[in-house]
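Down below is the structure, laid out as structure tokens.
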Amino acid sequence: MTYANAADGVPGDAPRDAVSTYERHRAELRASKRLWNIVALLAFLVCLGLSVWISQFYPERLANGLPRIFEYFATILPDLQWNLLFEGRAEDGRAVPGSLTFWYTDFWTYVALIWETILMAITATLMGAGVAFVLSFPAAANLAPNSWVYWLSRRFLEICRGIPEILLALVFVFMIGIGPLAGVLAIAIHTAGALGKLFAEVNENASSRPIEGITAVGGTWAEKMAYGVVPQVAPNFFSYAMLRFEINVRASSIIGFVGAGGIGQELNRVISFYSDDRVMAVLILVVLTVTIIDLISERIRLGYIGRENFA
């Protein structure tokens, strides 16, 4: 080290060397970051090209296949006649062809199955959210008691959400037979894995100050979670659970195709045996049900969290 004035002990070249070292290190970091960005972009483009090639995602292929969608829907549109649209049943109890009554001959059967689907989604969501709530705390990196508990919790949640619901439903149908119970168990397991990950990430973003305060007065790990973390994360937990309920209603409609109960089982039946206007009748009811549930869930979520939080 050199000094401008040895008697005064004032540094001369040291500040200049520190600045140049900092700028050189900064330039190296920027160059390294630029290199990794280029590598990541090239890897993305390669993966994108491979996915387009493997899936044959070509514009001309899509353009040629698009009219076939309308051809299928043309086969399931009802043959309604305006002059007979609101006709009831004849004297012999049969519905008049061309009327809404004829189109929805099995309306109350569909309603009962949709109600069964909703109950399946409610039960599965409650079960899955309960498991996710318990495991989300040890699965959070900043809250886990130790690394082993953290690792086991994370792997268990990954297994739960890694197996497709329809595959789980097939296994449970084989194990306990056809019916809603198989669907409930399949959706609950997948819900536990999906919500567990979301809940754990919310926990990782929670403030540590309440936890430190409870620790300072000798609180246990469970008390720190119950009084230091839960009050912070409860609104987000509820929001994610409501979102998952909406997803589970749709999932309950799908897994019925493998005999796991709900409206999906009836939809599979009419597609397999009829492929006529009854398919459209069931689809319309399913879409309406999901839409209504989405609207109700949104109102409930906003009422719980408070609209002021969205202002």
Side-chain angles (χ1 to χ4, degrees), residues 104-136 157 160-161 163-199 234-235 237-273 278-305:
Y104 275 99
T105 301
D106 299 323
F107 175 77
W108 293 112
T109 300
Y110 301 155
V111 170
L113 290 173
I114 286 176
W115 178 241
E116 180 180 279
T117 300
I118 294 172
L119 293 179
M120 289 171 57
I122 292 174
T123 306
T125 303
L126 290 174
M127 293 171 59
V131 175
F133 177 84
V134 173
L135 293 181
S136 65
L157 294 175
C160 287
R161 68 175 178 271
I163 304 175
E165 294 156 316
I166 196 164
L167 180 57
L168 289 171
L170 277 171
V171 173
F172 285 120
V173 165
F174 177 78
M175 185 176 71
I176 60 180
I178 293 175
L181 179 58
V184 169
L185 293 175
I187 297 174
I189 291 175
H190 197 275
T191 298
L195 284 182
K197 176 179 174 59
L198 294 174
F199 288 178
F237 278 17
F238 182 81
S239 180
Y240 281 132
M242 292 301 298
L243 174 61
R244 188 66 202 186
F245 169 65
E246 300 168 14
I247 296 172
N248 286 344
V249 172
R250 290 185 283 270
S252 300
S253 302
I254 298 301
I255 63 174
F257 275 75
V258 297
I263 191 63
Q265 196 165 327
E266 177 66 14
L267 184 59
N268 181 46
R269 187 183 72 84
V270 295
I271 290 176
S272 301
F273 291 98
R278 274 165 284 194
V279 177
M280 180 63 75
V282 177
L283 286 175
I284 289 175
L285 287 179
V286 170
V287 172
L288 285 175
T289 300
V290 171
T291 302
I292 292 172
I293 288 176
D294 285 350
L295 293 174
I296 295 174
S297 298
E298 181 181 0
R299 294 297 296 271
I300 295 174
R301 183 171 61 89
L302 291 178
Y304 177 78
I305 297 175

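Atoms considered below: every heavy atom in the structure, side chains included; atoms not considered: hydrogens, waters and symmetry mates.
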**OP:** Apply the test side-chain contact (heavy atoms from CB on, under 4.5 Å) to residues Leu185 and Ile176: give CA-CA distance (whole Å), side-chain angles for both, the deciding distance (0.1 Å), then the verdict.
**Re:** CA-CA 11 Å; Leu185 293 175; Ile176 60 180; 4.1 Å; yes
Distance, nearest 0.5 Å, that separates [atom1] of [X] from [atom2] of [Y]:
| X | Y | atom1 | atom2 | answer |
| --- | --- | --- | --- | --- |
| Ile189 | Leu157 | CD1 | CG | 12.5 Å |
| Arg278 | Leu283 | CZ | CG | 13.5 Å |
| Arg250 | Ile247 | CZ | CD1 | 6.0 Å |

Original post:
For Ile284, which residues count as a side chain to side chain contact (heavy atoms under 4.5 Å, CB included) partner, sequence neighbours excluded?
Top reply: Trp103, Tyr104, Met280, Leu288
**OP:** Not counting sequence neighbours, which residues clear side chain to side chain contact (heavy atoms under 4.5 Å, CB included) with Ser297? List them please.
**Re:** Met242, Phe245, Glu246, Ile293
Taking distance alone, no hydrogens or angles, what donor-acceptor pairs closer than 3.5 Å link side-chain atoms of residues 120-135 to residues at least two apart or in another chain?
| from | atom 1 | to | atom 2 | distance (Å) |
| --- | --- | --- | --- | --- |
| Thr123 | OG1 | Leu119 | O | 2.9 |
| Thr125 | OG1 | Ala121 | O | 2.6 |
| Thr125 | OG1 | Asn248 | ND2 | 2.8 |

Under the salt bridge (charged side-chain N to carboxylate O under 4.0 Å, His left out) definition, can you give me all pairs with a residue in [range], not counting sequence neighbours?
| range | result |
| --- | --- |
| residues 114-125 | none |
| residues 180-194 | none |
| residues 171-199 | Lys197-Glu201 |
| residues 172-183 | none |

Subject >> Test salt bridge (charged side-chain N to carboxylate O under 4.0 Å, His left out) applied to Asp106 - qualifying residues, sequence neighbours left out >> reply: none
**OP:** Under the side-chain contact (heavy atoms from CB on, under 4.5 Å) rule, what do Val111 and Trp115 come out as? Steps first, then yes or no, please.
**Re:** CA-CA 6 Å; Val111 170; Trp115 178 241; 5.5 Å; no
Which atom pairs, one a donor and one an acceptor, fall under 3.5 Å between side chains of residues 260-268 and the rest of the protein, sequence neighbours left out?
| from | atom 1 | to | atom 2 | distance (Å) |
| --- | --- | --- | --- | --- |
| Gln265 | OE1 | Gly261 | N | 2.9 |
| Glu266 | OE1 | Arg269 | NE | 3.1 |
| Glu266 | OE2 | Arg269 | NE | 3.4 |
| Glu266 | OE2 | Arg269 | NH2 | 2.7 |
| Asn268 | OD1 | Ser272 | OG | 3.4 |
| Asn268 | ND2 | Phe257 | O | 3.4 |

**OP:** Apply the side chain to side chain contact (heavy atoms under 4.5 Å, CB included) test between Val290 and each candidate in Val249, Ile114, Thr117; give the one that qualifies.
**Re:** Val249
Subject >> Residues that Ser253 engages under side-chain hydrogen bond (donor to acceptor under 3.5 Å, both in side chains), provided they are two or more places apart >> reply: none
Original post:
Do Tyr110 and Val282 come close enough that some side-chain heavy atom pair is under 4.5 Å?
Top reply: yes
For [X] against [Y], the heavy-atom pair lying closest together:
| X | Y | answer |
| --- | --- | --- |
| His190 | Arg161 | NE2-O, 3.2 Å |
| Ile187 | Ser252 | CD1-OG, 3.2 Å |
| Ala169 | Ile255 | CB-CB, 4.1 Å |

**OP:** Kindly write out the residues that satisfy ring-ring contact (aromatic ring centres under 6.0 Å, His included) with Tyr240, not counting sequence neighbours, or none if the list is empty.
**Re:** none
**OP:** List in chain and number order the residues that pass ring-ring contact (aromatic ring centres under 6.0 Å, His included) with Phe199, two or more places apart in sequence or in another chain; answer none if no residue qualifies.
**Re:** Phe237
Subject >> Sidechain-backbone polar pair: Thr291 side chain, Val287 backbone, donor-acceptor under 3.5 Å >> reply: yes
**OP:** Return yes when atom CD1 of Ile178 has more than 12 non-hydrogen atoms of other residues, nucleotides or ligands closer than 6.0 Å, and no otherwise.
**Re:** no
